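Here the structure is laid out as structure tokens; the discussion comes afterwards.
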Protein chains: 2
Amino acid sequence: MTTKPKRAELREACISEAFRIVEESGVENLSLREVARRLGISHQAPYRHFASRDHILAEIIALSFDEFSVYLNSRPLNQSVHDDLRHMGLHYLNYAKHHPLKYRLMFNTPMPDPVKHINMMNKAQHAFSILSERLEHTPLRPLALSIESSSNLEALFVWSMLHGLASILQSDVLPSLKLTTLEKKHMIAHCFARLSQALQP
Amino acid sequence: MTTKPKRAELREACISEAFRIVEESGVENLSLREVARRLGISHQAPYRHFASRDHILAEIIALSFDEFSVYLNSRPLNQSVHDDLRHMGLHYLNYAKHHPLKYRLMFNTPMPDPVKHINMMNKAQHAFSILSERLEHTPLRPLALSIESSSNLEALFVWSMLHGLASILQSDVLPSLKLTTLEKKHMIAHCFARLSQALQP
DNA sequence: TTTAGTTTGTTGACACTGTCAACAATTTGT
DNA sequence: ACAAATTGTTGACAGTGTCAACAAACTAAA
């Protein structure tokens with residue numbers, strides 16, 4: 001439990017305590033009352049700073065997107081652009097692996113009404129733009145003329161693969177799929193190889 | 001509300017009522033008490049048939065996987081194997097699009113302990129096997145020798161892309177990504193084109 | 001500085017949830 | 001037909017989000 005905060009700092013204290021709760025035990029165990037309890041304040045105090053549970057949720061989702069963006073950008077510099085894209089993908093998967101509860105918070109949680117939480121959506125958009133901009137400067141295998149292309153579309157494709165893979169890797173279903181240990185070990189490498197085949201000229 | 005069921009049919013009635021609730025308003029609004037209310041029985045009656053909420057959840061997840069498997073198999077027959085794979089993918093996305101709440105139930109919901117709900121896991125495994133078996137009889141572009149391959153691995157790759165795409169398409173984040181209407185319109189076609197490039201010999 | 005007004009925190013309530021325990025009705029097996 | 005087991009009901013408890021009424025504390029003007 002965190003030390004009892006002074007006035008005016010309560011809002012920030014609530015957010016970081018809520019963030020901590022999600023890190024520790026997942027969004028389904030986040031309750032405003034638990035936040036209040038940990039901060040040693042009354043169960044209604046947080047309501048002076050957040051209109052509803054959704055509003056504090058939006059804050060910590062935004063925080064997570066920030067953290068995620070920083071993590072994506074913290075990848076080592078790579079010589080070739082395709083190597084860099086690859087490392088970005090691996091970084092993506094690493095974040096999901098090491099912060100599964102926060103990853104689920106961002107991507108697997110029914111979100112509060114986006115229109116009411118524009119800041120949150122902007123942070124999400126920013127994380128996406130990292131991927132999109134990386135692809136903007138990556139020469140790709142040409143597609144048939146009938147197929148529309150743009151760095152956003154390529155980013156959506158790569159993101160789909162990464163998000164799907166990250167989800168499956170941490171899914172409860174995976175252990176029941178009767179995969180050999182060899183298959184389990186090579187999942188990521190295989191998917192990245194196929195991704196290269198799709199993208200590399 | 002369904003008609004009050006006779007004895008011994010209560011278990012089945014609970015399951016289908018719960019299934020209906022999820023279809024209508026999503027898993028987060030599923031409560032045993034609401035099920036009981038709709039069936040006109042006491043709030044505790046369902047507990048004679050399900051040890052906990054998780055147990056009825058496991059039942060309707062299993063049901064959803066069944067429905068999903070049937071849907072995947074209901075695709076029209078296609079001449080070429082790659083065409084068939086493509087249609088399978090489109091069918092996958094169609095299911096997610098037309099049954100978003102059930103799709104989320106299967107793939108985006110923290111599952112009850114898999115070990116305690118083996119039937120549910122078997123149904124999930126069966127849905128996966130449909131994809132895996134399709135890939136088993138589809139000639140694919142060869143990979144580098146250092147890269148492991150198997151129909152399961154190929155299925156995981158395709159599934160990753162499909163699941164990622166399906167999730168993103170129904171995500172609340174999508175509208176905030178500043179995509180042009182043209183990009184939105186071509187998302188699916190683009191991803192499938194890239195998928196073909198990855199897989200087609 | 002004192003006072004009035006606004007912001008923030010507290011207490012208590014309500015409706016909702018899952019689940020336990022005790023009891024009643026009903027069905028089943030002999 | 002009666003004993004036993006199964007199934008259904010009622011009532012309770014702890015947990016949740018949130019509203020309303022009230023109290024304390026900070027802020028701004030006199």
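Throughout, protein chains are lettered first and strands after them, A, B, ... in sequence-line order, and every chain is numbered starting at 1. No hydrogens, no waters, no symmetry mates; every other heavy atom, side chains included, goes into these values. These numbers were taken from a predicted model, which means no experiment stands behind them.
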In whole angstroms, the gap separating P of D:dG15 from CG of A:L32 amounts to 16 Å
Protein-nucleotide distance (A:H49, atom NE2; C:dT10, atom C1'), rounded to Å | 13 Å
Euclidean distance, atom CZ of residue A:R11 to atom C1' of C:dT7 [Å, nearest integer] = 15 Å
note: B:H43, atom NE2; D:dA14, atom P; distance rounded to Å ~ 16 Å
Would you tell me if any nitrogen or oxygen in the side chain of B:R48 comes within less than 4.0 Å of OP1 or OP2 on C:dA25?
-> no
Please determine, by modelled atom types, if B:S52 and B:H55 share a side-chain donor-acceptor pair under 3.5 angstrom.
-> yes
For B:I41 and C:dA25, give me the distance from atom CD1 to atom P, rounded to whole Å.
-> 18 Å
Spell out yes or no: do the side chain of A:R33 and the base of D:dG17 have one donor N/O and one acceptor N/O closer than 3.5 Å?
-> yes
Euclidean distance, atom CD of residue A:E28 to atom C1' of C:dG18 [Å, nearest integer] | 16 Å
Considering only side-chain heavy atoms of A:S52, which listed nucleotide, D:dT18, C:dT8, C:dG18, is closest?
-> D:dT18
Mind calculating the distance between CG (A:D54) and C1' (D:dT16) to the nearest angstrom?
-> 14 Å
Give a yes or no on whether a salt bridge exists between B:E34 and B:R37, defined as a side-chain N under 4.0 angstrom from a carboxylate O.
-> yes
Nearest-angstrom distance from the residue atom CG of A:L10 to C1' of D:dA25 | 13 Å
May I ask you to verify if any side-chain N or O of A:S31 is less than 4.0 angstrom from the OP1 or OP2 atom of D:dT16?
-> yes
Which part of the nucleic acid, if any, lies within reach of B:R53 when heavy atoms closer than 4.0 Å are counted: base, sugar-phosphate only, or nothing?
-> sugar-phosphate
Can we call the ring centroids of B:Y71 and B:Y92 under 6.0 Å apart?
-> no
Quick one: does A:T138's side chain have a donor or acceptor within less than 3.5 Å of a partner on A:R134's backbone?
-> yes
